[in-house]
Chemist: 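The following block contains the structure, expressed as structure tokens.
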Amino acid sequence: MKKIMLIVPILLLISGCSNFYFKWLFGVDEWKYHNLGRHLKEDRKYEEAAAAYIKGCDEGYGIICVRAGEMYYSFGSYIKKDLKKAMNFFKKGCELGSGLGCGYYGEILFTGDGVKKDVKTALPYLEKACEDNFGEDCQLLADAYSKGKDVKKDLIKAAKFYEAGCKARNADSCNDLGTMYYDGDGMAEDIQTALSYFDKGCEIGSVTACENKNAVEDYLASQK
């Protein structure tokens, strides 16, 4: 017993005594299911991985519900794809606080990916995902409101979601918001603000934003 008691403090010291490593080491909370499922997938035991994630979901861990949903949505070549099961897990994950789950559920409904398209139901799920800093969902909302695709065109909402997406480091959102400021599309034309968004989009990784940034800088230089 004394040997065991000595080993535990040593292991905690090696790990830096952080809460993260404590969870990883002893399998506390959702990390137990996250690590178990990951190792089972690495061993190609996909059915067992799905079962582990389902158990974690039943215990109330939202992100683990999402992992269960991914097994039935994305791992169709390894276990039988079941979109209904996947959707149920994504929705439950969202209800348990996972923005990723909200995003999956909203995107599938919004695009009608294998299910009946339901934009009205999808919108609040996408908005929740956007609020949780999933930039691609902000971008999806912004594009819809910008183009009036499946929703009533609303440039104020488009700008709001592009800004949220840019803050969440979605490069396309930064570029598209910059374009709105440059063109004065739904707002007062503001080249300097446009340039700042092109610059940020370029920094994050948008080639188009870099091209727009260079073009604006060349134009401004020519006006001096």
Chemist: Verify whether one side chain among Asp113 and Tyr73 offers a donor that lies under 3.5 Å from an acceptor in the other.
Modeler: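 Yes, a side-chain donor-acceptor pair sits under 3.5 Å.
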Chemist: Are Gln192 and Asp190 close enough, and set up right, to give a side-chain contact (heavy atoms from CB on, under 4.5 Å), and what steps lead you there?
Modeler: CA-CA 6 Å; Gln192 289 295 339; Asp190 188 333; 3.9 Å; yes
Chemist: State, to 0.1 Å, how close Cys102 and Tyr125 come at their nearest heavy-atom pair, and which atoms those are.
Modeler: CB-O, 3.4 Å
Chemist: Compare all side-chain heavy atoms of Phe198 with those of Cys174 and state whether any distance is below 4.5 angstrom.
Modeler: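 A side-chain contact is absent here, since even the closest heavy-atom pair is not under 4.5 Å.
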Chemist: Which heavy atom in Gly37 sits nearest to a heavy atom in Ala49, and how many Å separate them?
Modeler: O-CB, 3.7 Å
Chemist: So which heavy atom on Leu141 is nearest to which on Cys130, and how close?
Modeler: CD1-CB, 4.4 Å
Chemist: With a 4.5 Å heavy-atom cut-off, do Glu59 and Tyr33 have their side chains touching?
Modeler: yes
Chemist: Would you check if the side chain of Asn214 reaches a backbone N or O of Cys210 as a donor-acceptor pair within less than 3.5 Å?
Modeler: yes
Chemist: Determine, for Asp137 against Lys128, whether the closest basic-nitrogen to carboxylate-oxygen distance falls under 4.0 angstrom.
Modeler: no
Chemist: Would you say the side-chain atoms of Thr111 pair up with the backbone N or O of Glu107, donor to acceptor, closer than 3.5 Å?
Modeler: yes
Chemist: Side chains of Tyr162 and Asp143: donor-acceptor distance under 3.5 Å anywhere?
Modeler: yes
Chemist: Check for a donor-acceptor pair, side chain of Asn170 on one end and backbone N or O of Cys166 on the other, with a separation under 3.5 Å.
Modeler: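 Side chain of Asn170 to backbone of Cys166, a donor-acceptor pair under 3.5 Å: no, none is there.
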Chemist: Around atom NZ of Lys147, are there more than 12 heavy atoms of other residues, nucleotides or ligands at under 6.0 Å?
Modeler: no
Chemist: Is there a chain of hydrophobic side chains (I, L, V, M, F, W, Y, each step under 4.5 Å between heavy atoms) that links Val207 to Ile204?
Modeler: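 No; Ile204 is not reachable from Val207 via cluster members.
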Chemist: Please tabulate, one pair per line, all N/O donor-acceptor pairs under 3.5 Å involving side-chain atoms of residues 175-182, not counting sequence neighbours.
Modeler:
residue, atom, partner, partner atom, Å
Asn175, OD1, Asn212, ND2, 2.8
Asp176, OD2, Gln139, NE2, 2.9
Thr179, OG1, Asn175, O, 3.0

Chemist: Rounded at 0.5 Å granularity, tell me how far SG in Cys57 sits from CZ in Arg67.
Modeler: 12.5 Å
Chemist: With clusters defined by side-chain heavy atoms of hydrophobic residues (ILVMFWY) lying less than 4.5 Å apart, directly or transitively, does Leu126 cluster with Val119?
Modeler: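 Same cluster.
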Chemist: Do Lys32 and Tyr61 touch side chain to side chain, with heavy atoms closer than 4.5 Å?
Modeler: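 The answer is no; the side chains never approach within 4.5 Å.
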Chemist: May I ask you to test the Met87-Lys91 pair for a side-chain heavy-atom distance under 4.5 Å?
Modeler: no
Chemist: Does the Asp82 side chain pair with the main chain of Lys84, one donor and one acceptor, at a distance under 3.5 Å?
Modeler: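 Yes, Asp82 side chain to Lys84 backbone: donor-acceptor pair under 3.5 Å.
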Chemist: Which pair of heavy atoms, one from Ala122 and one from Gly106, lies closest together, and at what distance?
Modeler: CB-O, 3.4 Å
Chemist: Determine the minimum heavy-atom distance between Ala129 and Gly99, stating which atoms define it.
Modeler: CB-O, 3.5 Å
Chemist: From Ser173 OG over to Glu163 CD, what is the distance, rounded to the nearest 0.5 angstrom?
Modeler: 10.5 Å
Chemist: Do the side chains of Asp199 and Ser196 get nearer than 4.5 Å, heavy atoms only?
Modeler: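 Heavy-atom side-chain distance check fails, nothing below 4.5 Å.
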Chemist: Report whether Tyr104 and Tyr72 are members of the same hydrophobic cluster (ILVMFWY, side-chain heavy atoms less than 4.5 Å apart, transitive linking).
Modeler: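 Tyr104 clusters together with Tyr72.
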Chemist: Any chance you could measure Glu127, atom CD, to Cys138, atom SG, to the nearest 0.5 Å?
Modeler: 10.0 Å
Chemist: Any chance you could lay out the side-chain contact (heavy atoms from CB on, under 4.5 Å) test for Phe134 and Glu136, step after step, and finish with the verdict?
Modeler: CA-CA 6 Å; Phe134 287 91; Glu136 64 274 16; 4.0 Å; yes
Chemist: Closer than 3.5 angstrom, by distance alone: can the side chain of Asp154 be matched with the main-chain N or O of Ile156 as a donor-acceptor pair?
Modeler: yes
Chemist: Under 4.5 Å between side-chain heavy atoms, counting indirect links through other Ile/Leu/Val/Met/Phe/Trp/Tyr residues: same cluster for Leu140 and Val66 or not?
Modeler: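 Looking at the clustering, Val66 is in a separate group from Leu140.
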Chemist: Which pair of heavy atoms, one from Asn133 and one from Ala168, lies closest together, and at what distance?
Modeler: O-CB, 3.6 Å
Chemist: Do Glu70 and Leu100 touch side chain to side chain, with heavy atoms closer than 4.5 Å?
Modeler: yes
Chemist: Just wondering, do Tyr46 and Leu40 contact through their side chains at under 4.5 Å, heavy atoms?
Modeler: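 No, their side chains stay 4.5 Å or more apart.
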Chemist: For Phe90 together with Tyr105, are the ring centres under 6.0 Å from each other?
Modeler: no
Chemist: Applying side-chain contact (heavy atoms from CB on, under 4.5 Å) to Tyr53 and Lys41, what does each step give before you reach the verdict?
Modeler: CA-CA 11 Å; Tyr53 288 140; Lys41 284 189 290 184; 3.3 Å; yes
Chemist: For Lys153 and Leu155, what are the C-alpha separation, side-chain angles and deciding distance, and is it a side-chain contact (heavy atoms from CB on, under 4.5 Å)?
Modeler: CA-CA 6 Å; Lys153 187 171 183 176; Leu155 294 178; 3.9 Å; yes
Chemist: How long is the span from the CG atom in Leu36 to the NZ atom in Lys45, to the nearest 0.5 Å?
Modeler: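 Answer rounded to 0.5 Å: 10.0 Å.
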Chemist: Find the distance between CD (Glu42) and CZ (Arg44) and round it off to the nearest 0.5 Å.
Modeler: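 If I round to the nearest 0.5 Å, the distance is 10.5 Å.
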Chemist: Does the side chain of Met71 reach to within under 4.5 Å of the side chain of Ile54, using non-hydrogen atoms?
Modeler: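 Not in contact.
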Chemist: Is Ile79 reachable from Ile64 through a run of I, L, V, M, F, W or Y residues, each pair having side-chain heavy atoms under 4.5 Å apart?
Modeler: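 Yes, Ile64 connects to Ile79 through the hydrophobic network.
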